[in-house]
Amino acid sequence: EKLIQTLIELKDRGTNENGLCYLPEGKEYYEHLVRANTGSPKTVKELQQAVERKRNLDMDALHKLLAENPDLIKADDSKIVATEPEAILNHLLTAMEKDFYPAADSSYELNYIHKSLEDTLAPAFYLTAPIDDISHNVIYLNQKSQYQGIQLFTTLAHEGFPGHLYQNVMERSCGLEPIRSLFGSSGYVEGWATYVEMQSYYYADVEQDVSAFLQKNQSALLSLYAPADMGIHYDGWTLRDTIDFFASYQIADKATIQQIYQLIVEEPAHYLKYYIGYLEFLNLKEYAKEKFKEDYSDYKFHAALMEMGNAP
């Protein structure tokens, strides 16, 4: 009741409908928020350059794939054998074995969120296990999202195996003290889940060129949210600027872009946790390849990350 009353009193008193940079010291605050949310030491300008560089690489890869096989533009993911959530998670557990250490505990519950929350919750989420019962792992799905095919497959990889559920179970089984759960970075957690989500495209029962096309396309699409976030809150993009940015990538639904703009205004640096975290894991992989040299393997890299745990 107090919250309702306070919100009523505050209603219509806002003075800024745009990004943080329009508020006093908002730009400086955003810089701190970016570092806290992503765990990355890079400046906002450096992050903008890194995002653009990765998007260009993905776009180049897409053009090359299409030049070799124009039919990929009609890429079909209907051949995926595992279509039900439980079957997908079981398939992922088997498919990931060549690249990831076997899960210490693969038990989980799969629930659907209550209808009263369908309009306001994400398409799916992993409910972090209690520190005194790491076997109690729960994944929630939002039926209203109507995810299916490759979209459901990669979402469950993000939330389950080898995503959040796997990461949480493995870090605890490696002997990390429970207090470490207080000191991690959300950019590390969501970056890992986005990184393995991209890898999961290659675990689906579709041709490798189809997997590559779908993965590069998704990576390029995700890369558009990060510059929009930094543009709105750091560079002062208006809704018009944001519409023009998305239009340059042939995304022209103004109602959808307005919704994206509002979501980014409401939650500064939220999208950066996912995409910047993902880029930093790709950087770590390159670092590992330099260190391990001929002894490098994805399996060793992923095992080292689990033993290290969620880095502050």
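Along the sequence shown, the residues carry numbers beginning at 1. Scope of the values below: all heavy atoms of this structure, side chains included, with no hydrogens, waters or symmetry mates.
- Remark: side-chain polar atoms of Asp229 are not paired, donor with acceptor, to backbone N or O of Tyr225 under 3.5 angstrom.
- One finds the NZ atom of Lys273 at 5.0 Å from the OG atom of Ser186 (value rounded to the nearest 0.5 Å).
- His158 places no side-chain N or O within donor-acceptor distance of the main-chain N or O of Thr154, the cut-off being under 3.5 Å.
- At least one donor-acceptor pair closer than 3.5 Å links the side chain of Lys300 to the backbone N or O of Asp295.
- For Ser107 against Ser135, the heavy-atom pair with the smallest separation is OG-O, 3.5 Å.
- Ile251 is listed as a side-chain neighbour of Leu221, based on a closest heavy-atom distance under 4.5 Å.
- Rounded to the nearest 0.5 angstrom, Leu214 CG and Ile150 CD1 are separated by 6.0 Å.
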Set out, in order, the CA-CA distance, both residues' side-chain angles and the distance that settles side-chain contact (heavy atoms from CB on, under 4.5 Å) for Phe153 and His91, then state yes or no.
CA-CA 10 Å; Phe153 187 92; His91 174 87; 3.6 Å; yes

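- Side-chain atoms of Ser219 never come within 3.5 Å of backbone atoms of Gln215 as a donor-acceptor pair (strictly under, hydrogens ignored).
- Nearest heavy atom pair, residue Pro85 against residue Leu141, reads CG-CD1, 3.7 Å.
- Within the 4.5 Å cutoff, the side chain of Met306 has no heavy atoms near those of the Tyr101 side chain.
- Residue Tyr202 qualifies as enclosed at atom OH: its count of foreign heavy atoms under 6.0 Å is above 12.
- Under the 4.5 Å side-chain criterion, counting only non-hydrogen atoms from C-beta, Asp298 is in contact with Asp99.
- Dense packing is recorded around CG of Leu10, with more than 12 heavy atoms of other residues, nucleotides or ligands lying under 6.0 Å away.
- Residues Pro130 and His136 share a closest heavy-atom pair of CD-O, 4.0 Å.
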Does the side-chain contact (heavy atoms from CB on, under 4.5 Å) test come out yes or no for Asn142 and Tyr147, once each step is laid out?
CA-CA 9 Å; Asn142 187 341; Tyr147 275 16; over 6 Å; no

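- In this structure, the separation between CG on Leu47 and CD1 on Ile276 is 4.5 Å, given to the nearest 0.5 Å.
- By the 6.0 Å and 45° rule, Lys98 does not stack over the aromatic ring of Tyr299.
- When side chains are defined from C-beta on, Phe213 counts as touching Leu62, because their heavy atoms get closer than 4.5 Å.
- Closest heavy-atom contact between Leu65 and Leu72: O-CD1, 3.6 Å.
- The shortest side-chain heavy-atom distance between Leu222 and Tyr271 does not fall under the 4.5 Å cut-off.
- We find the CG-CD distance between Leu92 and Gln199 to be 11.5 Å, quoted to the nearest 0.5 Å.
- A heavy-atom distance below 4.5 Å is not found between the side chains of Glu46 and Pro41.
- For Lys291, the NZ atom is loosely surrounded, since the number of other residues' heavy atoms within 6.0 Å does not exceed 12.
- Other residues, nucleotides and ligands contribute only 12 or fewer heavy atoms inside 6.0 Å of the CD atom of Glu17.
- Side-chain heavy atoms closer than 4.5 Å link hydrophobic residues (I, L, V, M, F, W, Y) into clusters, and following such links, even through other members, never connects Tyr274 to Leu282.
- Taking the six-membered ring for Trp and the full ring otherwise, the centers of Phe281 and Tyr188 sit less than 6.0 Å from each other.
- Ring planes of Phe100 and His302: parallel class, angle under 30° (limits at 30 and 60°).
- Side chain of Glu171 to main chain of Asn310: a donor-acceptor pair is present (N/O by atom type, distance under 3.5 Å, no hydrogens or angles).
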Evaluate Glu118 against Lys115 for side-chain contact (heavy atoms from CB on, under 4.5 Å), listing each step before the verdict.
CA-CA 5 Å; Glu118 287 181 344; Lys115 285 188 175 298; 3.8 Å; yes

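- The 12-atom threshold is not exceeded at OH of Tyr29, counting heavy atoms of other residues, nucleotides or ligands nearer than 6.0 Å.
- Within 6.0 Å of CD1 on Ile4 lie no more than 12 heavy atoms contributed by other residues, nucleotides or ligands.
- For the residue pair Asn283/Glu286, the side-chain donor-acceptor check at 3.5 Å is not satisfied.
- At a cut-off of 3.5 Å, with distance as the only test, a side-chain donor of Lys285 or Tyr195 sits close to an acceptor on the other residue.
- A salt bridge is absent between Asp60 and Lys64; no separation between the charged side-chain nitrogens and carboxylate oxygens falls under 4.0 Å.
- At a threshold of 4.5 Å between side-chain heavy atoms, the hydrophobic network of Ile, Leu, Val, Met, Phe, Trp and Tyr places Met230 and Phe246 in two separate groups.
- Looking only at distances, no side-chain donor or acceptor of Asp235 sits under 3.5 Å from a matching main-chain atom of Trp237.
- Following chains of ILVMFWY side-chain contacts shorter than 4.5 Å, one can reach Ile264 starting from Tyr249, so the two form part of one hydrophobic cluster.
- Relative orientation of the Tyr296 and Phe292 rings is tilted, given thresholds of 30° and 60° on the angle between their planes.
- Open room surrounds OH on Tyr140; 12 or fewer heavy atoms of other groups in view lie less than 6.0 Å from it.
- Smallest separation of non-hydrogen atoms from Gly309 and Leu176: CA-CD1, 3.4 Å.
- Remark: the backbone N or O of Gly19 is paired with a side-chain donor or acceptor of Asn16 at under 3.5 angstrom.
- Taking the charged nitrogens against the carboxylate oxygens, Arg55 and Glu52 have no contact shorter than 4.0 Å, which rules out a salt bridge.
- Distance alone, capped at 3.5 Å, places no donor-acceptor pair between the Asn56 side chain and the Arg53 backbone.
- Using modelled atom types, one side-chain atom of Ser40 and one backbone atom of Lys42 make a donor-acceptor pair closer than 3.5 Å.
- A side-chain N or O of Glu31 and one of Tyr234 form a donor-acceptor pair less than 3.5 Å apart.
- At least one side-chain heavy atom of Phe301 sits under 4.5 Å from a side-chain heavy atom of Leu284.
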Residue pair Asn168, Tyr166: steps toward the side-chain contact (heavy atoms from CB on, under 4.5 Å) verdict
CA-CA 6 Å; Asn168 193 62; Tyr166 175 79; over 6 Å; no

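- Side-chain heavy atoms closer than 4.5 Å link hydrophobic residues (I, L, V, M, F, W, Y) into clusters, and following such links, even through other members, never connects Leu165 to Val189.
- To the nearest 0.5 Å, atom CZ of residue Phe161 and atom CG of residue Leu156 are 10.5 Å apart.
- To the nearest 0.5 Å, atoms NE2 (His233) and CG (Leu23) are separated by 10.0 Å.
- In terms of heavy atoms, Thr155 sits closest to Ala124 at CG2-CB, 3.6 Å.
- Arg172 places no side-chain N or O within 3.5 Å of a backbone atom of Pro178 that could act as its donor or acceptor partner.
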Take Asp209 and Ser211 through the side-chain hydrogen bond (donor to acceptor under 3.5 Å, both in side chains) test and state the conclusion after the steps.
CA-CA 5 Å; Asp209 58 346; Ser211 294; over 6 Å; no

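- Within a 6.0 Å sphere centred on CD of Glu9, other residues, nucleotides and ligands contribute more than 12 heavy atoms.
- When hydrophobic clusters are built by joining Ile, Leu, Val, Met, Phe, Trp and Tyr residues whose side-chain heavy atoms come closer than 4.5 Å, directly or via intermediates, Val138 is not grouped with Leu93.
- Side chain to side chain, Asn18 and Tyr261 meet the donor-acceptor criterion of an N or O pair below 3.5 Å.
- Here the side chains of Gln148 and Thr83 are not in contact, with every heavy-atom distance at 4.5 Å or above.
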